[in-house]
There are 2 protein chains.
Amino acid sequence: MLSEHAGEPAARRDRLALKRVTVIGTGLIGTSVALAMRRAGAEVLLIDRDPAVARLAADLGAGTPWSGESADVAVLAVPPSAVAATLLDAQERGLAAAYTDVASVKGPPLAEAARIGCDLRVFVGGHPLGGSERSGPLAARPGLFDGRPWVLCPAEAADPLVVDGVTGLVTGCGATPVVMDAAAHDKAMALVSHAPHVVSAAMAARFADAPDGMVGLTGQGARDVTRIAGGAPSLWREILAANAHPVADVIEAVADDLARAAAALRAHAGPPAPVTDLLERGVAGHDRIPVKRGAPAARLATVTVIVADRPGELALILQAAGVAGINIEDIAIEHLQGRPVGVAELSVAPESAPDLIAELRTRGWSLPDPPER
Amino acid sequence: MLSEHAGEPAARRDRLALKRVTVIGTGLIGTSVALAMRRAGAEVLLIDRDPAVARLAADLGAGTPWSGESADVAVLAVPPSAVAATLLDAQERGLAAAYTDVASVKGPPLAEAARIGCDLRVFVGGHPLGGSERSGPLAARPGLFDGRPWVLCPAEAADPLVVDGVTGLVTGCGATPVVMDAAAHDKAMALVSHAPHVVSAAMAARFADAPDGMVGLTGQGARDVTRIAGGAPSLWREILAANAHPVADVIEAVADDLARAAAALRAHAGPPAPVTDLLERGVAGHDRIPVKRGAPAARLATVTVIVADRPGELALILQAAGVAGINIEDIAIEHLQGRPVGVAELSVAPESAPDLIAELRTRGWSLPDPPER
């Protein structure tokens with residue numbers, strides 16, 4: 001569900017007093033929030049348990065090290081397990097009028113905060129999506145949240161003015177607020193992010209000890225399924241442990257389906273019913289997953305073209321598409337073994353495919369026969 | 001293992017008498033083989049159990065309907081379960097001097113052919129990769145096999161001259177022959193193609209009944225893991241049934257890993273050892289999977305750039321990369337909800353990343369801070 005606050009003008013944000021923001025924890029997300037709020041015109045104060053890290057963030061233009069000031073909103077950019085204790089400490093020191101966090105799991109920190117006596121009237125849990133899956137070389141940047149969903153989970157106790165203030169911070173960072181309760185958020189993340197990571201890892205693990213000759217035959221399909229398995233285990237084990245039960249529910253169901261399919265394949269001579277059933281449920285699930293985040297799922301047409309594997313070749317193709325007024329929604333490139341050419345698969349709206357094929361053929365590219373055959 | 005026949009000149013193919021080829025079964029693969037061999041200058045004869053389908057292939061330029069001629073090589077482009085019986089029938093009619101097939105599983109048809117008394121001295125099983133995973137709108141085309149691996153599984157009984165002849169047909173179709181035994185082929189396909197499809201389906205199946213609000217939060221990671229789950233169940237259930245035991249071995253191992261991870265997540269408070277172990281094995285497997293098919297695995301650097309979601313914008317970026325002499329190895333596009341911009345992630349050789357970042361910034365694109373920060 002989209003909040004009505006999406007696209008709020010800056011004037012409204014000022015009215016809600018977001019003039020001064022304190023960021024606690026100046027890692028990738030915290031520093032990006034600080035940079036984004038600086039971009040939005042706010043004064044930003046920086047705290048980190050390592051003062052040198054806070055000074056580094058300040059040197060990068062993210063704000064100034066905190067020295068006792070009280071802020072309108074404090075953003076707790078600390079690991080999920082540290083959210084509740086950090087909130088209690090911040091509230092005891094009177095750091096801000098309102099508080100939010102950016103942890104990728106929302107239920108357990110909220111429960112812990114209630115248990116240890118935090119004031120939940122002035123706290124709204126949050127989770128910016130997308131950016132938090134990236135790490136390392138990308139580093140912090142003010143545009144990290146631009147246009148991305150940012151889930152907010154206001155507890156029942158939350159003061160509506162505080163919810164407004166935190167929502168203003170989210171839109172101030174360029175993100176789109178999405179409101180849901182903490183349990184729904186955690187279940188959703190298990191489904192759309194955490195379980196897919198474990199499933200990808202479990203498939204990729206099968207390649208760890210396989211002979212080179214087999215691994216060398218891997219094509220685009222298996223490459224896609226295993227792509228995210230390259231993510232840092234040290235980061236993901238924390239994420240998974242923090243959302244343990246919702247993740248376990250999903251991967252257990254996946255394991256059950258796979259075990260049933262394996263047993264059916266061993267037991268039957270022909271195509272076994274549980275396998276067909278799983279494949280059909282897979283298509284049903286696939287078809288619901290949006291091509292654009294938040295947009296309704298839609299099938300795209302694929303136009304395949306042979307391209308020279310050299311700089312600039314793909315640009316010429318996309319330029320031709322641009323001239324013809326055709327928007328390329330996605331591109332998959334398959335490089336071809338031992339040859340200086342590749343296959344590019346261009347995803348376009350189905351009604352655009354014939355035009356794109358005609359345009360590219362006119363310009364001399366090698367394409368398959370058109371779909372109308 | 002690559003065959004030494006890759007890149008064989010046309011003169012050698014002529015010497016091996018590939019002047020006349022009969023294709024049995026004029027579906028996507030059979031018609032594409034026919035078109036490719038016509039392109040290579042061979043006379044092609046067409047047989048299908050439905051004569052109208054063979055005539056259609058002939059009308060498309062794939063050759064002429066067979067009328068009793070004997071060929072140098074006959075290609076059996078029939079489903080795996082029909083290979084052995086089709087081979088016996090073709091040999092009894094003396095259709096060709098040598099025979100090959102294109103089925104995606106190699107062990108069971110070979111065993112069945114031996115059992116029913118086919119002459120295996122003049123048969124070499126084959127499997128063209130890549131093209132057979134596509135279906136529908138792409139349809140047959142002469143370039144379907146260009147630069148793709150085409151596995152050949154000569155049985156011990158096979159006559160070396162027949163192996164040479166079938167290898168010549170493969171290179172004549174533009175493909176790269178890869179020689180392995182039938183059991184190794186079937187295990188390899190289970191690992192690199194069949195099991196990833198089932199695993200993708202099992203993950204995608206979790207989205208079938210999930211609430212819209214959750215599915216709408218799906219990002220690029222889960223989209224990649226589930227992409228191939230959209231494939232036609234009617235096609236895949238046949239492929240899986242034909243390679244049942246090797247597929248069952250792989251998906252059972254994946255199911256075991258997932259079940260163990262789920263149990264560990266439920267049982268422990270902190271990050272449980274089996275989860276960390278699985279994530280680490282996943283990275284190890286991921287790192288072995290080639291970025292280009294057949295090339296050694298290599299990590300690429302990712303350069304992220306904000307692009308307007310409109311025709312031609314991506315072309316300008318790729319053009320800039322081309323001008324700077326930088327080859328884009330892959331592209332992932334993330335569209336942003338409710339906004340006319342998207343995020344493009346450009347994969348390049350790590351040493352090219354700083355140059356690409358500098359070039360794009362010079363031309364005014366919005367990029368994250370450079371990796372050296």
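Sequence lines set the chain letters: A, B, ... in the order given, protein chains first and strands last, and positions in each chain run from 1. Values below: all heavy atoms of this structure, side chains included; hydrogens, waters and symmetry mates excluded. Keep in mind that what you see is a predicted model, and the values were worked out from it rather than measured.
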Which pairs of donor and acceptor atoms, one on a side chain in residues 207-215 of chain A, lie under 3.5 Å apart (sequence neighbours left out)?
unit_1	atom_1	unit_2	atom_2	d
A/Asp212	OD1	B/Arg288	NH2	2.5

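Chain B forms more heavy-atom pairs under 4.5 Å with one residue of A/Arg281, A/His185, A/Met203 than with any other, namely A/Met203. Counting heavy-atom pairs closer than 4.5 Å to chain B, the top-ranked of the candidates A/Ala284, A/Ala255, A/Ala261 is A/Ala255. Among A/Val250, A/Asp256, A/Val151, the residue with the largest count of heavy-atom pairs under 4.5 Å with chain B is A/Val250. With chain B as the partner, the residue from A/Ala195, A/Ser234, A/Ala201 showing the most heavy-atom pairs under 4.5 Å is A/Ala201. Counting heavy-atom pairs under 4.5 Å between each of B/Gly143, B/Ala253, B/Pro233 and chain A puts B/Pro233 at the top. With chain A as the partner, the residue from B/Asp224, B/Asp249, B/Val199 showing the most heavy-atom pairs under 4.5 Å is B/Asp224. Per-residue heavy-atom pair counts under 4.5 Å with chain B were compared for A/Asn243, A/Leu240, A/Leu258, A/Asp257, and the maximum is reached by A/Leu258. Counting heavy-atom pairs closer than 4.5 Å to chain A, the top residue among B/Pro196, B/Ser81, B/Ser200 is B/Pro196. Annotation: maximal heavy-atom pairing with chain B below 4.5 Å, among A/Lys187, A/Met189, A/Arg266, A/Glu252, occurs at A/Arg266.
The closest side-chain heavy-atom distance from B/Ile251 to A/Leu265 is below 4.5 Å. In this structure, B/Met180 and A/Leu217 have side chains that are in contact, with non-hydrogen atoms separated by less than 4.5 Å.
For B/His197, the part lying near chain A is the side chain, with the backbone staying farther off; criterion is any non-hydrogen pair under 4.5 Å.
Contact check on A/Asp277 versus B/Arg237 returns no salt bridge, with no Lys/Arg side-chain nitrogen under 4.0 Å from an Asp/Glu carboxylate oxygen.
Within the 3.5 Å criterion, the main-chain N or O of B/Ile228 finds no donor-acceptor partner in the side chain of A/His286.
A/His194 pairs by the ring-ring contact (aromatic ring centres under 6.0 Å, His included) definition with nothing, not counting sequence neighbours.
Closest heavy-atom contact between A/Leu278 and B/Ala205: CD1-CB, 4.1 Å.
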